[in-house]
Amino acid sequence: MGLDVSGDPVLSLNGVCRDFGQVRVLHSVDFALHAGAVHALIGENGAGKSTCMKILGGYLSASDGAVRHNGQDTVFASAQQAESDGVVMIHQEFNLAEQLSVEQNIFLGRELRKGVFLDHAQMRKQTQDLLDRLETRVDPAARVEDISVSDKQMVEIAKALSRNARVLIMDEPTAVLTNREAAVLFRQIERLRADGVAILYTSHKLDEIARLADMITVLRDGRVVAHGAGAEFDEDRMARDMVGRDLTNLYPDHDGPVGQEPVLEVENLTVPGLVEGLSFNLAPGEVLGFAGLVGSGRTEAMEGLMGLRAATGTIRRNGQPVTIRRMSDATQVGLGYLTEDRKGRGLILSQGMRPNLTLLALRKFVRRLIDRRAEEAALDTAITEFDIRAPHRDVAVGNLSGGNQQKLLLAKTMLNAPEIVIIDEPTRGIDIGTKQQIYAFIRTLAEQGRAVIVISSEMAEVIGLADRVVVMRQGRKAGELTRAEISEDSIVRLAMGLDGKDYAA
Amino acid sequence: MTEQTKPRRPRLDLQVLGPIIALAVLIVIGALMNENFLGYGNITNVLSRSAFIGIIAVGMTFVITAGGLDLSVGSMAAFIAGCMILAMNALVPMMGTGWSTIFAGMAIALALGLVAGLANGLLITRARIEAFIVTLGTMGIFRSLVTWLADGGTISLDFTLRGVYRPMYYGGILGVSWPIIVFAVVAIAGEIAMRHTSFGRHCAAIGSNEQVARYSAIPVDRVRAWTYVLLGILVGIATIMYVPRLGSASSSTGVLWELEAIAAVIIGGTMLKGGFGRVWGTVVGVLILGLIDNLLNLTDLVSPYLNGAIQGVIIILAVVLQRQKKAER
């Protein structure tokens, strides 16, 4: 990419260190953002990306070293001050007031006025313009609570644009977007770059980085381990630099035997309005992939199966019909479910690891009263078995990195010893090293003779993991692919409803 | 990130120590101002009077920890007291003026508490109405019912029965009065239930994040309803201890008890928005409120009429002090 990034940076970290208590998480990091360039910051979870971004965005201060803005040493007193200086950070967890409308959110804190009254017409018009630019068809008057996650992302971006951001810090913006939405976002990023905005971009999706980045900086354990122009990196090098070792065989081999008798038969599963007549079987030792577009009803189907949503249909476990009305019925017949929303539904972020770990299987720890020593022992086991890395034992789960949260959630589900494990988006927002661990773990489950269902929106993941794939489209089963038939093309055809048509078009 | 996983040293933070320090300061002030303050008579008096609010506040701790609220407890106590007295009076011709009548009355009080709590709980979990609204409604209903039962006046317990029942408040064993004993038992049981049983763990989980609780196979509605039932039963117990004190109930019985109970819970460090509760803190909160009241009555420094104002200041101060320090920047 022939961009000139030799000029003075707009915003930079110079030898920045950051300590949390006794623990140093950033070691003398240099990082510079230039006008009109996309600089990708990549690294595993816990490598220090978020801390860097928060220091740049004024959310944290540096313990040592300097932040330079337009050549001046700067200490942003707050994120508000950084924003008023044109440095805007878009968080992974959205900073939107759920009860307010899209328009009210975009102008929050800097409402346009006509005299003492709000200038609704003008705000509406500007909001509409912004949303049009972003090709987002969300109603400016819609309450944020009611719009989809990807629309919320777009609203966040619109909000940043409306603040005339000169530096835009994007923390995994595509984690919740569909491919189409991501494509729109990339166009916007390219437009912003052409407008001379300096952009910091992070993502675990290395193909995006390869596509977008003018500059790449790789962090590992709080240190810059590689730095260079985007063209110097291919995806393999990025992964290697991030992990610090070669990552061959991201996906484990499929060599365990798959049983003949199904352990689970689902017939005509219907979740009113969301899933229609879904039927499938599951054999022991098998990893069954569920593919489909976001919103195709995969999660809803599994939640219906688990008793988390009102659903109808026939479910047979080892040939015996079972009734599942609530989740405890499902866990009783050996089903376990890992939600895709680990922060909202999986873990209590304000509590420590121990109560989170044992919450689902708490009954196993009750001998009249809760046996705390047994709980601690279980936590010890989980930390070792799942390689959970925490700064200390009592850390609030919200302060763990995404990968470690996911491992804890896995440990929590497995503590109940389910024979059928349903994992919804097993590696969303997780670095490649942890991904590999989780893939290996899923395969181990199958080899132990358990049955696993993996829902994933990452095509490579479904292809790499599954022995068989069910593809869903608009709440129905669009088709089923055997191991030999699984390919990106065959899945996309079914997911998009392109039977018989040429996908290449 | 480092991989050390050794247990962290327990921190001595204001959140834990705050209420205890406040209580200690109050006791020291009291002892300095009045030599009778630490006397047996005064301490028994304070503790016995605090016991009603205390028993209710223990139940309230569970409700609030699970993310709920119950404004109806004061009116509920008055209503139960009224019904209990009327029932006992009606039973006198059949069962006489002995303990059997009183036990029947107690059973009725417990049953009424259970039913009233269940009504609150089911309206909140089944009809999906906000706890604030439901209990605001039932607060009005119970208050109005007791006024109607008393015909605007006072419901008095049969005179002979009153004499038999009196020791329930004024008597005790080994010099400790019954209300104090019952309060202590309830508090200890509550503390154990909160910290060492699934029920307590589930309450905190529901109050922290209802979705996580649901996805962890916790019967959210049932646990939540149970917190209100438990509170209702405790209101029944508190009423059983309260009736022998005055032997009557009227429309002014139990007025503002709900706020005192909620205040004690909050002063004790339980989070009003739910997710974290501690019963021992609630006990400390109850004692703080009781001692302030007592101090103002014993000393003439400040008019007892300002009791409410001082309690108000304490509540606000407690929350300010306990607010978690903002994460370091």
Chemist: Taking all non-hydrogen atoms of both residues into account, name the closest pair between B:Leu69 and B:Ala131 and its distance.
Modeler: O-CB, 3.6 Å
Chemist: How about A:Leu219 and A:Val224: do any of their side-chain heavy atoms sit closer than 4.5 Å?
Modeler: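 In short, these two side chains touch, coming nearer than 4.5 Å.
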Chemist: Applying a criterion of heavy atom separation less than 4.5 Å, what residues of residues 194-210 of chain B form contacts with chain A?
Modeler: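 So far as heavy atoms go, B:Arg195, B:His196, B:Thr197, B:Ser198, B:Arg201, B:His202, B:Ala204, B:Ala205, B:Ser208, B:Asn209 are the residues that approach chain A to under 4.5 Å.
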Chemist: Please say which of B:Ile233, B:Leu123, B:Leu122, B:Asn120 ends up in a side chain to side chain contact (heavy atoms under 4.5 Å, CB included) with B:Tyr228.
Modeler: B:Asn120
Chemist: Let me know if A:Glu303 has heavy atoms under 4.5 Å from chain B in its side chain, its backbone, both or neither.
Modeler: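 Side chain only.
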Chemist: Which value, rounded to the nearest 0.5 Å, describes the distance between A:Asn399 atom CG and A:Met353 atom CE?
Modeler: 11.0 Å
Chemist: For A:Glu375, is it the side chain, the backbone, both, or neither that has a heavy atom closer than 4.5 Å to a heavy atom of chain B?
Modeler: side chain
Chemist: Decide if atom CD of A:Glu145 counts as having more than 12 heavy atoms of other residues, nucleotides or ligands within a radius under 6.0 Å.
Modeler: yes
Chemist: Between the side chain of A:Arg393 and the main-chain N/O of A:Glu376, is any donor-acceptor distance below 3.5 Å?
Modeler: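 Present.
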Chemist: Highest number of heavy-atom pairs under 4.5 Å with chain B: which of A:Asp329, A:Thr339, A:Ile348, A:Thr331?
Modeler: A:Ile348
Chemist: I need the residue from A:Met306, A:Arg345, A:Lys54, A:Arg342 with the largest number of non-hydrogen atom pairs under 4.5 Å to chain B.
Modeler: A:Arg345
Chemist: Write down the atom of A:Ala390, the atom of A:Leu400, and the distance for their closest heavy-atom approach.
Modeler: CB-CD2, 3.6 Å
Chemist: Chain B heavy atoms under 4.5 Å from A:Arg372: which part of the residue, side chain, backbone, both or neither?
Modeler: side chain
Chemist: Can you measure from CD1 (B:Ile181) to CG (B:Leu47) and round to the nearest 0.5 angstrom?
Modeler: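 Rounded to the nearest 0.5 Å, the CD1-CG separation comes out at 11.5 Å.
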Chemist: Shortest non-hydrogen contact from B:Asp70 to B:Val63?
Modeler: N-CG1, 4.1 Å
Chemist: So, do A:Leu338 and A:Pro426 sit near enough that their side-chain heavy atoms are less than 4.5 Å apart?
Modeler: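 With C-beta onward as the side chain, the pair stays apart.
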Chemist: Of the listed residues (A:Leu379, A:Leu347, A:Asp371), which shares the most heavy-atom pairs with chain B below a 4.5 Å separation?
Modeler: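 Winner by heavy-atom pair count: A:Leu347.
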Chemist: Stepwise, does the side-chain contact (heavy atoms from CB on, under 4.5 Å) test hold for B:Ile262 with B:Leu71?
Modeler: CA-CA 9 Å; B:Ile262 293 168; B:Leu71 296 172; 3.9 Å; yes
Chemist: Is any residue of residues 404-417 of chain A within less than 4.5 Å of chain B by heavy atoms, and which ones?
Modeler: A:Lys412
Chemist: Specify whether A:Tyr337 and B:Tyr215 have parallel, tilted or perpendicular ring planes, treating 30° as the upper limit for parallel and 60° as the lower limit for perpendicular.
Modeler: tilted
Chemist: Any residues in residues 354-362 of chain A near chain B, with a heavy-atom distance under 4.5 Å, and which are they?
Modeler: A:Arg354, A:Pro355, A:Thr358, A:Leu359, A:Leu360, A:Leu362
Chemist: Please check this pair: side chain of B:Thr270 against backbone of B:Gly277, looking for a donor-acceptor N/O pair closer than 3.5 Å.
Modeler: no
Chemist: About how many Å separate CD1 of B:Ile192 and CD1 of A:Ile370, when rounded to the nearest 0.5 Å?
Modeler: 12.5 Å
Chemist: Would you mind reporting whether B:Ile53 and B:Leu289 have side-chain heavy atoms less than 4.5 Å apart?
Modeler: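 No, their side chains stay 4.5 Å or more apart.
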Chemist: Distance from B:Ile64 atom CD1 to B:Lys273 atom NZ, nearest 0.5 Å?
Modeler: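 Rounded to the nearest 0.5 Å, the CD1-NZ separation comes to 13.0 Å.
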Chemist: Can B:Asp221 and B:Arg128 be said to form a side-chain contact (heavy atoms from CB on, under 4.5 Å), step by step?
Modeler: CA-CA 10 Å; B:Asp221 283 349; B:Arg128 307 238 160 257; 2.8 Å; yes
Chemist: Would you name the heavy atoms of B:Leu231 and B:Val73 that are closest together and state the gap between them?
Modeler: CD2-CG1, 3.6 Å
Chemist: With a 4.5 Å heavy-atom cut-off (strictly below), which parts of residues 182-191 of chain B touch chain A? List them by number.
Modeler: none
Chemist: Ignoring hydrogens and geometry, is there a side-chain-to-backbone donor-acceptor pair from A:Arg309 to A:Ala301 under 3.5 Å?
Modeler: no
